[in-house]
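Positions are given from 1, in the same order as the sequence printed here. Because the structure is a prediction, the values reported are computed rather than measured.
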Amino acid sequence: MNDLREELYRLPGGEKFNLCIQCGTCSASCPSVSAMRYSPRQVIALVRAGMVQEVLHSNAVWMCASCYMCTVRCPRDIQPTELMHTLQLLAARLGLIADRSPAPAFYRAFRASVKAHGRAHEFGIMFNFLLGRPGKALRMLPVAISLFRRGRLSLRVPRTRGASELATILSALRQGGESETPAALTVAQGGVSA
């Protein structure tokens with residue numbers, strides 16, 4: 001597990017995790033902290049202590065709203081949001097989705113929309129995301145109707161210029177990304193027992 005911690009430290013910005021003074025500014029700035037098992041400050045402390053598996057099994061990384069308030073307000077220039085994203089990737093690759101978090105399903109729906117249309121199509125994302133969640137879909141229906149009536153939600157798929165070029169870029173990134181990220185993931189897969 002310490003190998004995984006060392007790999008996290010080698011990521012861009014990761015070398016700063018040891019500079020954390022545990023002031024709690026990140027946690028005080030986080031809009032999702034009340035729903036997290038571990039606050040951003042605690043996540044950094046656990047990673048530093050080599051307790052990455054505890055973090056990966058919790059819902060903390062999946063509750064990150066990616067608002068970057070923790071990163072912007074950190075007095076030590078640490079990037080907790082990037083750490084959360086990296087831990088999300090590790091947890092997903094290791095199949096450690098805690099508390100049946102809907103975040104991975106939402107990310108997949110978002111990615112599929114961008115890949116298919118070249119941009120986000122909100123209705124399509126929510127349709128795909130809620131497809132296997134009929135109860136939640138029914139609860140969201142009044143919101144969807146209200147948004148539709150106000151012109152804030154469109155059934156039409158937006159036209160995007162250069163969608164094929166974007167698909168080429170995404171394909172190249174996927175091929176390049178798989179050859180660059182496995183360093184941390186390889187260690188994780190060998191170091192974490194799922």
Side-chain angles (χ1 to χ4, degrees), residues 12-13 25-41 43 56 58-74 77-93 95-178 181:
T25 302
C26 54
S27 298
S29 305
C30 179
S32 305
V33 72
S34 63
M36 292 177 163
R37 181 171 179 192
Y38 300 118
S39 69
R41 179 187 64 79
V43 168
L56 294 178
S58 76
N59 72 345
V61 296
W62 298 107
M63 297 307 294
C64 175
S66 299
C67 67
Y68 287 87
M69 291 301 290
C70 55
T71 299
V72 169
R73 293 184 173 169
C74 178
D77 202 26
I78 298 170
Q79 301 175 352
T81 306
E82 300 305 328
L83 174 64
M84 293 294 198
H85 291 162
T86 300
L87 292 170
Q88 286 175 355
L89 178 65
L90 290 174
R93 295 262 171 111
L96 302 175
I97 311 299
D99 301 332
R100 299 180 188 158
S101 172
F106 184 80
Y107 290 161
R108 281 192 293 275
F110 183 85
R111 184 183 64 196
S113 177
V114 171
K115 187 176 178 183
H117 310 299
R119 62 181 293 181
H121 177 230
E122 291 86 358
F123 181 80
I125 292 170
M126 292 313 293
F127 180 81
N128 286 329
F129 174 66
L130 296 172
L131 200 56
R133 299 169 177 80
K136 190 168 194 143
L138 284 175
R139 287 191 302 273
M140 298 289 293
L141 190 59
V143 175
I145 291 171
S146 177
L147 290 171
F148 182 74
R149 284 184 178 160
R150 294 188 171 129
R152 306 289 296 173
L153 184 65
S154 174
L155 300 178
R156 282 187 24 206
V157 176
R159 300 186 74 182
T160 305
R161 282 189 248 158
S164 63
E165 288 86 355
L166 179 62
T168 303
I169 292 169
L170 292 176
S171 176
L173 282 173
R174 184 169 178 83
Q175 291 173 355
E178 288 179 356
T181 49

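Rounded to the nearest 0.5 angstrom, R108 CZ and N128 CG are separated by 11.0 Å. Interatomic distance, CE of M63 versus CD of Q88, reported as 11.0 Å (0.5 Å rounding). Once rounded to the nearest 0.5 Å, the distance linking CE of M36 with CZ of R41 reads 13.0 Å. Note that CG of L173 is 9.0 Å distant from CG of L166, once rounded to the nearest 0.5 Å. Between atom OH of residue Y107 and atom CD1 of residue I125 there is a gap of 12.5 Å, rounded to the nearest 0.5 Å. The CE atom of M84 lies 6.5 Å from the SG atom of C30; values are rounded to the nearest 0.5 Å.
W62 and A91 get closest at one heavy-atom pair: CZ2-CB, 3.9 Å. Across every non-hydrogen atom of R37 and N59, the tightest pair is N-OD1, 2.8 Å. Heavy-atom minimum distance, H117 versus V157: ND1-CG1, 3.0 Å. Across all their heavy atoms, V61 and L87 have their closest contact at CG1-CB, 3.4 Å. Nearest approach of S113 to H121, heavy atoms of both residues: OG-N, 2.9 Å. When every heavy atom of A120 is checked against every heavy atom of F110, the shortest pair comes out as CB-CE1, 3.7 Å.
With sequence neighbours excluded, the residues that form a side chain to side chain contact (heavy atoms under 4.5 Å, CB included) with T81 are C64, Y68, C70, T71, H85.
Within the 4.5 Å cutoff, no side-chain heavy atoms of F106 are placed close to those of R111.
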Please tabulate, for side-chain N and O atoms in residues 139-153, each donor-acceptor pair with protein atoms closer than 3.5 Å (sequence neighbours left out).
residue : atom : partner : partner atom : Å
S146    : OG   : R150    : NH1          : 3.0

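Taking the six-membered ring where the residue is Trp, F123 and F127 present parallel rings, their angle staying beneath 30° rather than reaching 60°.
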